[in-house]
Amino acid sequence: MRGLVVIMILAALAACTRIERQFLPEPVLKQPIFARFASTPGAEVDHGPWDDFLERYRTVGADAVARVNYAAVTDQDRARLARYIETLSNVDVASLDRATALAYWLNLYNAATVAVVLDHYPVASIRDIADGPLPTGPWDREVVTVAGQSLTLNDIEHRIVRPVFAEPRIHYALNCAAVGCPNLAGTAWRADGIDQRLEAAERAYVNDPRGLNIGKDGRVTASKIFAWFREDFGSSKDLIDRLVGVAEPQRAEALRRRGRIDAFAYDWALNDG
């Protein structure tokens, strides 16, 4: 009987993940201008204000989770954050080379997400910031205008970053203000060294229980990110191979022996602290 209950619970969780996935936008380009890049190193973007904000308010606890001290953010620093986002909105994105553009969009998404949380703080989860009775989150709200286009957080992630850059590691860089998410980076993303930083972010998450957890019985629980965005990570075998390739030796061997992911999980609690 107990085994049947466990099976039913796992089936319900799997169904929940499938439902969540169905509500995610397709990775379809919003406008051609967002896929244009300078052929040579183009314009530069000043991300210093974002660096300053992160230095003041981002910390990493003993649990290795990066948190934002939303309660401590001063009105002055909220205004500075708003000015930074406004400055980004005025950037000629087509004048950026590819790596600079990727860093630009990652920083814009993360800064805009923090700004949305600050506008509604205190909340227990970013999903509580909703326009209706359901915990749908703020991802379809317009947060910025770039190149004459009003953009939501979903636009930035699913209609620009995913289709334009076709880079699964962006899921380790975009932060949705949840504990279960890969850590908010401690400094702004920049073109210089961005590939190495994405690699480091991937390794950090896969080797953290939030990304990949091996139980004492050998069962494997992975982040729902790998289920939500499975087309970005490839087939089940591709995903397993990728995780094995970046996991620490003991974890990699346990995953190799198991050969599958048994369950997916995600902690939506606000990364507050």
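Between Val161 and Tyr109 the shortest side-chain heavy-atom distance does not fall below 4.5 Å. Side-chain contact between His158 and Glu26 is absent, with no heavy-atom pair separated by less than 4.5 Å. Side-chain contact between Val146 and Val91 is absent, with no heavy-atom pair separated by less than 4.5 Å. His120 has its side chain out of reach of Pro138: every pair of non-hydrogen atoms, C-beta onward, lies at least 4.5 Å apart. For the pair Arg162 and Asp232, the minimum side-chain heavy-atom distance is below 4.5 Å. Residues Cys181 and Tyr266 are in side-chain contact: their nearest non-hydrogen atoms beyond the backbone lie under 4.5 Å apart. At a threshold of 4.5 Å between non-hydrogen side-chain atoms, the residues Tyr172 and Ile225 do not count as touching. At a threshold of 4.5 Å between non-hydrogen side-chain atoms, the residues Trp189 and Leu102 do not count as touching.
Closest approach of Ala99 to Ile194, counting heavy atoms only: O-CD1, 4.1 Å. Nearest approach of Val123 to Ile129, heavy atoms of both residues: CG1-CG1, 4.2 Å. When all heavy atoms are compared, the tightest approach of Asp272 to Val68 is OD1-O, 3.3 Å. Listed here is the closest heavy atom pair of Lys30 and Asp155: NZ-OD2, 3.6 Å. Across all their heavy atoms, Val143 and Ala112 have their closest contact at CG2-CB, 4.2 Å. Taking every heavy atom of both residues into account, Val244 and Ala252 meet most closely at O-CB, 3.6 Å.
Side-chain atoms of Asp51 come within 3.5 Å of backbone N or O of Ala188 as a donor-acceptor pair. Without hydrogens or angle criteria, Ser125 side chain to Trp268 main chain gives a donor-acceptor distance under 3.5 Å. Judged by distance alone, with hydrogens and angles left aside, the side-chain atoms of Asn107 form a donor-acceptor pair with the main-chain N or O of Ala103 at under 3.5 Å. For the pair Asp262 (side chain) and Val220 (backbone), a donor-acceptor distance under 3.5 Å is present.
Connection of Ile214 to Phe226 is established within a shared hydrophobic cluster, with ILVMFWY side chains joined at heavy-atom distances below 4.5 Å, either directly or through further cluster members. Under the 4.5 Å side-chain heavy-atom criterion for ILVMFWY residues, no single connected hydrophobic cluster contains both Val179 and Leu184. Put simply, Val60 and Val114 are part of two different groups of oily side chains (I, L, V, M, F, W, Y) that touch within less than 4.5 Å, one to the next. Residues Leu108 and Phe37 share a single hydrophobic cluster, defined by chaining ILVMFWY side chains whose heavy atoms lie under 4.5 Å apart. One hydrophobic cluster holds both Phe233 and Leu198 under the rule that ILVMFWY side chains link at heavy-atom gaps under 4.5 Å.
Shown here are the salt bridge (charged side-chain N to carboxylate O under 4.0 Å, His left out) partners of Asp208, two or more places apart in sequence or in another chain: Arg210.
Note that CZ of Arg56 and CZ of Arg80 are 5.0 Å apart. Values are rounded to the nearest 0.5 Å. The distance from the CD atom of Gln250 to the CG atom of Asn207 is 11.0 Å, given to the nearest 0.5 Å. Rounding to the nearest 0.5 Å gives a distance of 7.5 Å between OG1 of Thr113 and CD1 of Ile156. Atoms CD and CD1, on Gln149 and Ile160 in that order, are 8.5 Å from each other to the nearest 0.5 Å. The CG atom of Leu88 lies 13.0 Å from the OG1 atom of Thr145; values are rounded to the nearest 0.5 Å. Summarising the geometry, atom CD1 belonging to Ile240 is positioned 11.0 Å from atom CZ belonging to Arg256; distances are rounded to the nearest 0.5 Å.
Ion pairing between Asp241 and Lys237 holds under the 4.0 Å rule for side-chain N and carboxylate O.
Ring centroids of Phe165 and Trp105 are separated by 6.0 Å or more, keeping the two rings apart. With ring centers used as reference points, Phe53 lies under 6.0 Å from Tyr57.
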Quiz prompt | Residues Glu44, Thr100; criterion side-chain contact (heavy atoms from CB on, under 4.5 Å); working and verdict | solution = CA-CA 7 Å; Glu44 296 184 359; Thr100 302; 6.0 Å; no
Practice problem: Please lay out, stage by stage, how Ser235 and Asp238 fare under the test side-chain hydrogen bond (donor to acceptor under 3.5 Å, both in side chains). | Solution: CA-CA 5 Å; Ser235 68; Asp238 291 336; 3.1 Å; yes
Practice problem: Go through the steps for Arg159 and Thr152 under the test side-chain contact (heavy atoms from CB on, under 4.5 Å), then give the verdict. | Solution: CA-CA 10 Å; Arg159 302 181 182 103; Thr152 66; 4.2 Å; yes
Exercise. Give the intermediate values and the outcome of side-chain contact (heavy atoms from CB on, under 4.5 Å) for residues Tyr70 and Asn271.
Key: CA-CA 9 Å; Tyr70 298 102; Asn271 61 342; 2.7 Å; yes
Practice problem: Check step by step if side-chain hydrogen bond (donor to acceptor under 3.5 Å, both in side chains) holds for Asn175 and Asn110. | Solution: CA-CA 6 Å; Asn175 184 272; Asn110 291 341; over 6 Å; no
Quiz item: Would Leu81 and Val73 satisfy side-chain contact (heavy atoms from CB on, under 4.5 Å), going step by step from the backbone distance to the final call?
Solution: CA-CA 10 Å; Leu81 179 61; Val73 179; over 6 Å; no
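At most 12 heavy atoms of other shown residues, nucleotides or ligands fall within 6.0 angstrom of atom CG in Asp75. Environment of CD in Glu86: sparse, with no more than 12 heavy atoms of neighbouring residues, nucleotides or ligands closer than 6.0 Å.
Ring orientation note: the planes of Tyr84 and His47 are nearly perpendicular, at an angle over 60° on the 30°/60° scale. Between Phe229 and His171, the ring planes are parallel. Angles under 30° get that label, and only those over 60° would be called perpendicular.
Just one of Arg169, Glu202, Arg251 meets the side chain to side chain contact (heavy atoms under 4.5 Å, CB included) condition when paired with Val246; it is Glu202.
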